[in-house]
Number of protein chains: 2
Amino acid sequence: MRERANRTTIRRVAREAGVSVTTVSNYLNGRHSQMSAATRERVREAIQRLGYHPNHVARSLATRRTATIGLIISELTNALYPPVILGAEAACRHAQYSLLLANAPDAESERRAVELMRRKQVDGLILFSVSFIDIANDHLLCAHEEGVPIVVINRTMPEGAPIPRVMLDNFRGAYLATRHLVELGHRCIAHIAGPANRFTGLDRRAGYLAALAEAGLESTSALVLEGDYSFESGYRAMHALLDHRPSAVFIGGDAMALGALRAIRDAGLRVPDDLSLVAFGNPDFVHYATPALTTVDLPIVEAGKIAVELLLERIAAPETPGETRMLAPRLLVRESTAPIA
Amino acid sequence: MRERANRTTIRRVAREAGVSVTTVSNYLNGRHSQMSAATRERVREAIQRLGYHPNHVARSLATRRTATIGLIISELTNALYPPVILGAEAACRHAQYSLLLANAPDAESERRAVELMRRKQVDGLILFSVSFIDIANDHLLCAHEEGVPIVVINRTMPEGAPIPRVMLDNFRGAYLATRHLVELGHRCIAHIAGPANRFTGLDRRAGYLAALAEAGLESTSALVLEGDYSFESGYRAMHALLDHRPSAVFIGGDAMALGALRAIRDAGLRVPDDLSLVAFGNPDFVHYATPALTTVDLPIVEAGKIAVELLLERIAAPETPGETRMLAPRLLVRESTAPIA
DNA sequence: CACGTCCTCTGTACCGTTTCACTAAACCGG
DNA sequence: CCGGTTTAGTGAAACGGTACAGAGGACGTG
């Protein structure tokens, strides 16, 4: 067999150490049991001397595993994605997996990303999605059908779909936020909602309504305004809401909450003296406002972590049925809420 | 040759289409020129019928390229990393590359990450580093020596190191911020600096001093306090600074700036009426404060993008010498700065 | 001493592509 | 009709590992 002299492969190491290729392979894969200390030492030294780096690509071809999982994110501009990456990367690293990352801003590029990652032979796929209520899933179901383990985060799936989901309990979070206001004695509680084409917005709105209903309070539609998660939309909504003189507002977003805070300031009112405020979302973002906003914190780092764990389970045991993991939010009470005057 | 019946490979496609493996390979790689329309169609149809997905791992083994680059980030908890990923991912996708992501919180895990990515045969490596002034580079220089294209972002390297760098001009940013305050008529300008073991902190401090010197202003050491980039440290530093009655403060960080703002509020003073403030860093974070903070914006998304571009150049032409790309910051004037009363 | 067992180590087919060297047929001008 | 060129397509050796089946020797046992 002719051999290129310049590249350092497992065969070169074997020759250098005077052993067989299999022995080197055994050494590299920790199968030290069937190996004398002397041989082990010679292999170790040969590797060292040649500065050998094993080629994972060749290994993956032979073993049909890449020890890599793909993370496809719908919206890399969304503020929620960094913690997801944080959690997923840590869990991957812990399990000796690598993370292949792709952004997929629209349905078509999501399809392409899935196809690309399948070609790259990832061992599994995680999709962290934007929360649109109607979203195409056929390519995922199809990939799943063909044996690619998949887990989704924050994505609606048809009933009984075999794909595990990690969901954030938006309903519960909104409920907790609103109940907190109720418990402080507020009776006229407004809501600035997210857009109605996203289930996050809808679920939060539903949680708000449920808490009101439980307290026997009426929900006027005049007290629920819709924003688009932007600072400006929060400002506008709050400005409009001020006419109805609510004593508290639950705001279904972080940037919107800061917008609302600004609107209240500009109107010459004070938080929490004149008006209590609860936000929803990235807690850092609203923590350093003045006053620090009470907010609902979603365990997003954990969502990334759990998604990886579920995925690894599926990789180990592909037939495990799809389950939904609902993650509970926490209410962080800070300075923007107070008992009604 | 025995063949496993169940896996759909290029050989199966070839048999199905009644052509050779080479022909299918040519088809897949767009070498349509040497191919009759009829053959092309038969191959296309066979691929379709079998639901064939080409195996990039095998392809990478044969071609010795993976079309993947590795991005190693020192500090995935740092607020600067999301925009870097954003820029890098977009540039990668545009060039048909994939992005393998790893977090490397300390020197040892950075070494491991580099080694792992080399094993995975990435075509090149980007390191986005925390700005410690003394940082080990030997493993990078060594990998470079052995032919792995590398680009670093935000990292010091020994003079004349052959590794291209993308740097953010912290000095210039601080200079612009301070000059802005000078131009508004401020004469007593304080500075809350970052830690002295990071070049970002040092460069910003130097830029501040340069602008003062240029205006013929004295720099008292009492007016320069050091924080650790946290909200709390900003609060404490500002609180202490208030005794010296500066009319303006340049703060070398975003969270510290919000802390400072809070301290000013708590002291019953107003921004910008009593005190002008300029921040540094993530502009979104301080945009929605009240008042919106004037800040220095570093082009971080672009840094990720440019790093990828430099890397792709190096991949195409490995002998290109190392260069340093210094990226210019922008001063965003908002509501927290005003002419001196 | 023959035999089975354990231990250590080896040879080589195979993973699924690419690509080089090559061939058969078609074409074409003179 | 011939020699040369172009066109369309083929066969098989890499690429760098893994892992199966098995070899050879040492050792214990009856």
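Comparing D/dT10, C/dT17, D/dT18 against the side chain of A/Asn29 picks out D/dT18 as the nearest. The side chain of B/Leu61 lies closest to C/dG16, out of D/dG9, C/dG16, C/dT10. The side chain of A/Val19 lies closest to C/dT10 when the candidates are C/dT10, C/dT17, D/dT18. Proximity note for A/Thr9 (side chain, C-beta onward) versus C/dC15, D/dG17, D/dG9: the nearest is D/dG17. Out of C/dT17, C/dC9, D/dG9, the shortest distance to the side chain of A/Thr23 is found at C/dC9. Listed nucleotides: D/dG9, C/dT18, C/dT17. Nearest to the side chain of B/Ser36: D/dG9. Between D/dG17, D/dG9, C/dT17, one nucleotide has an atom nearer to the side chain of A/Ile10 than all others, and that is D/dG17. Side-chain proximity of B/Thr39 to the nucleotides C/dC15, C/dT12, D/dA8 is greatest for D/dA8.
Protein atom CZ of A/Arg65 is 23 Å distant from nucleotide atom P of C/dC14, rounded to whole Å. B/Arg11 has its CZ atom 11 Å from the P atom of C/dT18, to the nearest Å. Atom CZ in B/Arg7 sits roughly 11 Å away from atom P in C/dT17 (whole-Å rounding). Look at NE2 on A/His32: it is 13 Å from P on C/dT8, rounded to the nearest Å. What separates CZ of B/Arg15 from P of D/dT10 is a distance of 14 Å, to the nearest Å. Rounded to a whole Å, the NE2 atom of A/His56 is 11 Å from the P atom of D/dG17. A straight line from CD of A/Gln121 to C1' of C/dC15 spans 11 Å, rounded to a whole angstrom. Distance CD1 (B/Ile47) to P (C/dT17): 10 Å, rounded to an integer number of Å.
Between the side chain of B/Arg59 and the base of C/dG16, no donor-acceptor pair under 3.5 Å is found. Checked by distance alone, A/Thr22 brings a side-chain donor or acceptor within 3.5 Å of a matching partner on the base of D/dA19.
Between the side chain of B/Lys120 and the main chain of A/Thr66, a donor-acceptor pair closer than 3.5 Å is present.
Put simply, B/Arg64 has a side-chain N or O that comes within less than 4.0 Å of OP1 or OP2 on D/dG16. A close approach under 4.0 Å does not occur between any side-chain nitrogen or oxygen of B/Arg31 and OP1 or OP2 of D/dA8.
Across all strands, A/Tyr52 comes closer than 4.0 Å only to sugar-phosphate atoms, never to a base (heavy-atom distances).
With no hydrogens or angles considered, no side-chain donor-acceptor pair links B/Thr23 and B/Asn26 at under 3.5 Å. Using a 3.5 Å distance cut-off with no hydrogens or angles, the side chains of B/Arg65 and B/Tyr97 do pair a donor with an acceptor. Between A/Thr39 and A/Ser36, the side chains place a donor N or O and an acceptor N or O closer than 3.5 Å (distance only, hydrogens not considered).
With the nearest nucleotide of DNA chain D identified for both A/Asn26 and B/Ser20, B/Ser20 has the one nearer the 5' end.
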**OP:** Evaluate the criterion side-chain hydrogen bond (donor to acceptor under 3.5 Å, both in side chains) for residue pair B/His56 and A/Gln121; output intermediate values, then yes/no.
**Re:** CA-CA 7 Å; B/His56 261 56; A/Gln121 308 294 117; over 6 Å; no
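Summarising the geometry, atom CD1 belonging to A/Ile153 is positioned 13.5 Å from atom OG belonging to A/Ser131; distances are rounded to the nearest 0.5 Å.
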